[in-house]
Amino acid sequence: MTNLTVAKLLKSKPLQEVEIKGWVRTFRAKRFVALNDGSTLNNIQCVVDFENTDEDTLKRITTGAAVSITGELVESQGKGQSVEIVVSKLEILGDSDPETYPIQPKKHSFEFLRENAHLRTRTNTFSAVMRLRSSLSFAIHKYFNENGFNYMHTPIITASDAEGAGETFRVSTLDQKNPPLNDDGSVNHKEDFFGKETNLTVSGQLEAETFAMSLGKVYTFGPTFRAENSNTSRHLSEFWMIEPEVAFMDLAGNMDLAEDFMKSVIAYVLEHNKEDIEFLNDRLLNEEKTKPQAERSELSLTEKLTFVTENNFKRVSYTEAIDILRNSKPNKKKKFNYIIEEWGADLQSEHERFLVEKHFKCPVILFDYPADIKAFYMRLNEDGKTVRAMDILFPGIGEIVGGSQREERLEVLKEKMAALDIPEEELWWYLDLRKYGTAVHSGFGLGFERLVMFVTGMTNIRDVIPYPRTPQNAEF
RNA sequence: UCCUCUUUAGCUCAGUUGGUUAGAGCAUCUGACUGUUAAUCAGAGGGUCCUAAGUUCGAGUCUUAGAAGAGGAGCCA
């Protein structure tokens with residue numbers, strides 16, 4: 001393996017002899033190869049002496065072919081690039097039949113590229129998106145590492161479905177056609193691989209709480225699975241989630257952490273992935289031009305990102321938000337599909353969008369939600385009606401973070417579980433945390449793909465994960 | 001799961017009121033040209049009009065059912 005990359009060559013001064021391998025993006029005028037190796041968005045131009053190269057080799061320089069090029073790095077004679085390689089030796093490593101190669105040097109629709117997801121990272125947009133995904137993932141680990149968090153691997157296969165975060169995928173090795181049955185005709189899971197009913201995890205939160213109550217500050221970053229039949233541009237059946245959990249931290253601290261975290265990782269990619277963000281910014285600007293004036297967004301991608309890093313998130317209680325919504329124009333003129341009347345109503349995405357995009361025009365943290373519309377483990381406030389939950393809403397994305405201070409009082413937690421028919425036997429270990437050395441603690445969950453969407457400006461979640469799993473689709 | 005829209009060449013799309021041999025741009029191939037930047041010019045090949053059934057003398061076009069894709073809603077991250 002050589003350390004030489006196109007990214008390094010493009011920043012280099014002239015060099016006597018260089019060898020570089022990559023894939024042909026275009027071959028113009030039998031002379032100019034645009035070569036890309038994935039290290040950067042940009043191609044390096046390689047100038048072929050076509051008069052002294054045999055015809056067979058020239059014909060095999062086609063879009064998508066893998067080649068090895070040796071030559072001299074010189075200042076470019078033409079405009080459009082500062083340096084180029086004068087080719088002395090060109091070797092075809094892998095041919096690419098132009099009759100059948102699906103990625104043409106032209107614009108493709110994202111729908112078409114999704115069907116060719118194994119090749120779509122050979123385009124500028126998807127290589128930029130996936131480099132950003134990788135960079136963001138690193139920024140997340142870096143942030144937690146520098147702030148004293150321990151990285152925890154929570155189990156993928158779990159037995160409890162107690163959280164009720166949606167439909168789960170069952171994990172079983174029983175014979176599907178002829179499973180062992182109980183006397184009452186139900187499937188006997190005692191004979192299953194784990195001796196009980198198991199499923200793919202919907203969240204690592206409950207396990208993360210156990211580590212928070214011993215290691216103090218922990219986070220998980222791994223795949224989660226939901227078998228919901230959701231067909232939207234914001235949902236996946238398999239997605240990656242980041243879940244920090246911190247002992248002795250209350251809801252206010254949780255909001256501080258979430259805001260600082262979001263600002264920090266976005267600032268990281270703004271600094272380290274300038275080229276890719278600029279490219280995606282320009283791509284969006286061009287796309288916006290095709291829309292009518294009224295539908296265009298006020299801020300460009302880079303402006304939106306710097307806006308997040310430089311402004312404080314607006315913190316608003318659920319009760320205040322209901323007042324704002326109740327007195328808002330769309331509510332009075334009945335423009336909302338769901339009219340806000342009573343305290344206690346769940347907010348719909350149209351309401352969240354109104355608050356973020358029209359009213360406050362910045363990221364918003366909503367907190368202290370009615371207990372009835374939130375999960376059982378959230379800390380009940382002294383008013384007995386609300387819980388210490390918080391959601392962060394981002395423009396264009398909606399809910400990106402959901403978190404809470406956890407209920408640390410054993411008796412209150414037991415009452416909540418009883419009210420919701422959650423059997424204590426299933427979560428005995430979770431209750432133990434409240435029996436032995438219980439303490440205030442908090443955490444949140446962040447959908448990684450939604451963060452990648454925000455940072456790249458992509459509008460379909462299937463375009464920010466390598467191989468999306470959605471209902472009726474598990475190709476690749 | 002619900003609502004709406006879409007499905008015609010490798011890709012993006014047009015196709016009139018149901019009427020002869022289904023078109024364009026790009027891509028591909030052949031030739032010309034050669035310091036190009038989505039190169040240019042000339043020519044050629046390329047179609048199970050998503051599937052099935054129906055109406056009709058005749059269906060890419062109309063009807064019904066199904067499949068796939070997209071957008072929105074719900075659920076959520």
Side-chain angles (χ1 to χ4, degrees), chain A residues 25-34 42-51 58-59 62-64 74 76-81 84 86 96-116 119 123-124 163-167 201-205 221-243 258 336-338 346-350 352-353 373-375 391-394 397-403 444-454 459-465 468 470-473 475:
Chain A
R25 280 290 174 82
T26 60
F27 183 39
R28 279 188 302 273
K30 268 192 191 171
R31 189 193 282 266
F32 304 101
V33 178
N42 299 305
N43 307 319
I44 190 155
Q45 172 157 289
C46 306
V47 187
V48 179
D49 180 5
F50 64 93
E51 281 158 330
L58 288 177
K59 276 193 178 167
T62 56
T63 303
V74 300
S76 179
Q77 294 177 32
K79 291 169 193 164
Q81 60 279 319
E84 64 190 19
V86 178
S96 172
D97 181 0
E99 297 262 17
T100 57
Y101 184 59
I103 311 296
Q104 300 164 2
K106 59 169 282 190
K107 277 213 170 111
H108 288 290
S109 67
F110 288 154
E111 288 87 346
F112 171 73
L113 289 170
R114 239 168 260 154
E115 287 166 14
N116 292 281
L119 299 172
T123 66
N124 286 338
E163 214 207 329
E167 293 289 311
T201 183
V202 292
S203 160
Q205 181 201 313
F221 184 1
T224 42
F225 309 86
R226 305 269 166 98
E228 288 290 331
N229 191 9
S230 302
N231 294 289
T232 82
S233 50
R234 298 181 310 282
H235 291 86
L236 291 166
S237 311
E238 175 182 292
F239 63 101
W240 287 64
M241 192 148 68
I242 297 123
E243 294 174 290
F336 283 143
N337 287 323
Y338 295 85
D346 209 349
L347 299 183
Q348 307 294 320
S349 39
E350 57 180 348
E352 297 179 349
R353 257 204 313 271
I373 58 173
K374 289 289 179 182
D391 285 351
I392 301 187
L393 311 177
F394 263 34
I397 308 284
E399 188 181 335
I400 191 163
V401 166
F444 62 84
L446 166 71
F448 183 52
E449 281 73 21
R450 292 201 180 160
L451 177 61
V452 181
M453 283 173 83
F454 182 73
T459 51
N460 192 316
I461 201 164
R462 298 167 192 126
D463 294 332
V464 300
I465 188 167
T470 51
Q472 298 301 314
N473 179 22
E475 194 68 51

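Labels below follow one simple rule: chain letters A, B, ... track the order of the sequence lines, proteins then strands, and each chain is numbered from 1. Atoms considered below: every heavy atom in the structure, side chains included; atoms not considered: hydrogens, waters and symmetry mates.
- In terms of modelled atom types and a separation under 3.5 Å, the side chain of A/E228 and the main chain of A/E167 share a donor-acceptor contact.
- Between A/D49 atom CG and B/U36 atom P there is a gap of 17 Å when expressed in whole angstrom units.
- Within the nucleic acid shown, A/Q104 comes within 4.0 Å of at least one base atom, counting heavy atoms only.
- Shown here, B/U21 forms no base pair; nothing in the strands shown gives a Watson-Crick or G-U wobble contact with both key distances under 3.5 Å.
- Pairing each heavy atom of A/E399 with each of A/L393, the nearest pair is CA-CD2, 3.8 Å.
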Interface polar pairs with nucleotides 68-74 of chain B, N/O, under 3.5 angstrom:
from  : atom 1 : to     : atom 2 : distance (Å)
B/A68 : OP1    : A/Q472 : OE1    : 3.4
B/A70 : OP1    : A/R114 : NH1    : 2.8
B/A70 : OP1    : A/R462 : NH1    : 3.3
B/G71 : OP1    : A/N460 : ND2    : 3.0
B/G71 : OP2    : A/N460 : ND2    : 3.3
B/G71 : OP2    : A/R462 : NH1    : 3.4
B/G72 : OP2    : A/S233 : OG     : 3.0
B/G74 : OP1    : A/Q348 : OE1    : 2.6
B/G74 : OP2    : A/S349 : OG     : 2.9

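- Side-chain proximity of A/K79 to the nucleotides B/A27, B/U37, B/C29 is greatest for B/U37.
- Closest approach of A/E449 and A/V464 over heavy atoms only: O-CG2, 3.6 Å.
- Rounding to whole angstrom units, CD1 of residue A/I373 and C1' of B/C76 are separated by 13 Å.
- Taking the C1' atoms as reference points, B/A70 lies 15 Å from B/U12, given to the whole Å.
- Atom C1' of B/U37 sits at a distance of 38 Å from the matching atom of B/C49, rounded to the whole Å.
- Counting non-hydrogen atoms under 4.0 angstrom, A/T63 reaches nothing in the nucleic acid.
- B/U40 is paired with B/A32 under the criterion used here, namely a Watson-Crick or G-U wobble arrangement in which both key atom distances are under 3.5 Å.
- One interatomic measurement links the two molecules: CG of A/L347 to P of B/C75, which rounds to 11 Å at whole-angstrom precision.
- In this structure, A/T63 contributes its side chain and A/Q104 its backbone to no donor-acceptor pair below 3.5 Å.
- Using a 4.0 Å heavy-atom criterion, one finds that A/F112 contacts the sugar-phosphate atoms exclusively.
- Using a 4.0 Å cut-off, some side-chain N or O of A/R28 falls inside it from OP1 or OP2 of B/A39.
- Closest to the side chain of A/P98, out of B/U34, B/U36, B/C29, is B/C29.
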| field | Test side-chain contact (heavy atoms from CB on, under 4.5 Å) applied to A/V33 and A/N43, step by step | value | CA-CA 9 Å; A/V33 178; A/N43 307 319; over 6 Å; no
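- Rounded to the nearest Å, the gap between the P atom of B/G25 and that of B/A42 is 11 Å.
- The nearest whole Å value for the distance from the CD atom in A/E84 to the P atom in B/G35 is 13 Å.
- In the set B/G10, B/U34, B/C76, B/U34 carries the atom at the smallest distance from any side-chain atom of A/R31.
- The same atom, P, is picked in B/G18 and in B/C11; the two are 29 Å apart, to the nearest Å.
- Nucleotide B/U56 forms a pair with no other nucleotide shown, judged by Watson-Crick or G-U wobble geometry with both contacts under 3.5 Å.
- In this structure, the aromatic ring of A/F448 is not positioned over the six-membered ring of the base of B/A77 within 5.5 Å between centres and 30° between planes.
- Taking only side-chain atoms of A/K59, from C-beta outward, the nucleotide of B/A77, B/U12, B/U30 with the closest atom is B/U30.
- B/A77 is unpaired under the criterion used here, namely a Watson-Crick or G-U wobble arrangement in which both key atom distances are under 3.5 Å.
- Using the Watson-Crick or G-U wobble rule with both distances under 3.5 Å, B/A65 pairs with B/U51.
- Atom CZ of A/F32 is separated from atom P of B/U40 by 15 Å (rounded to the nearest Å).
- The backbone N or O of A/R28 sits nowhere less than 3.5 Å from a side-chain atom of A/T26 that would complete a donor-acceptor pair.
- Across A/F221, A/W240, A/F454, a single residue satisfies ring pair (Phe, Tyr, Trp, His ring centres under 6.0 Å) together with A/F448, and that is A/F221.
- Nucleotides B/A53 and B/C76 have their P atoms positioned 45 Å apart, rounded to a whole Å.
- Which of B/C75, B/C11, B/A77 sits closest to the side chain of A/K106 comes down to B/C11.
- Atom pair A/L119:CG and B/C11:C1' shows a separation of 14 Å (rounding to whole Å applied).
- Between the side chain of A/N116 and the backbone N or O of A/F112 there is at least one donor-acceptor pair closer than 3.5 Å.
- Nearest heavy atom pair, residue A/L58 against residue A/F27, reads O-CE2, 3.7 Å.
- Taking atom CD of A/Q205 as the reference point, atom P of B/A77 lies 10 Å away to the nearest angstrom.
- The base-pairing partner of B/G10, taking Watson-Crick or G-U wobble contacts with both distances under 3.5 Å, is B/C26.
- Of the candidate nucleotides B/C29, B/U36, B/U34, B/U36 has the atom nearest to the side chain of A/S76.
- In the set B/U12, B/C76, B/U36, B/U12 carries the atom at the smallest distance from any side-chain atom of A/S109.
- Rounded to whole Å, atom C1' of B/C76 lies 10 Å from atom CG of A/D346.
- Base-pair partner of B/U4: B/A70 (Watson-Crick or G-U wobble, both distances under 3.5 Å).
- Among B/U34, B/C75, B/A77, the nucleotide with an atom closest to any side-chain atom of A/K30 is B/U34.
- Base contact: A/L236 has a heavy atom under 4.0 Å from a base atom.
- Expressed to the nearest 0.5 Å, how far CZ of A/F110 lies from CZ of A/R462 amounts to 13.5 Å.
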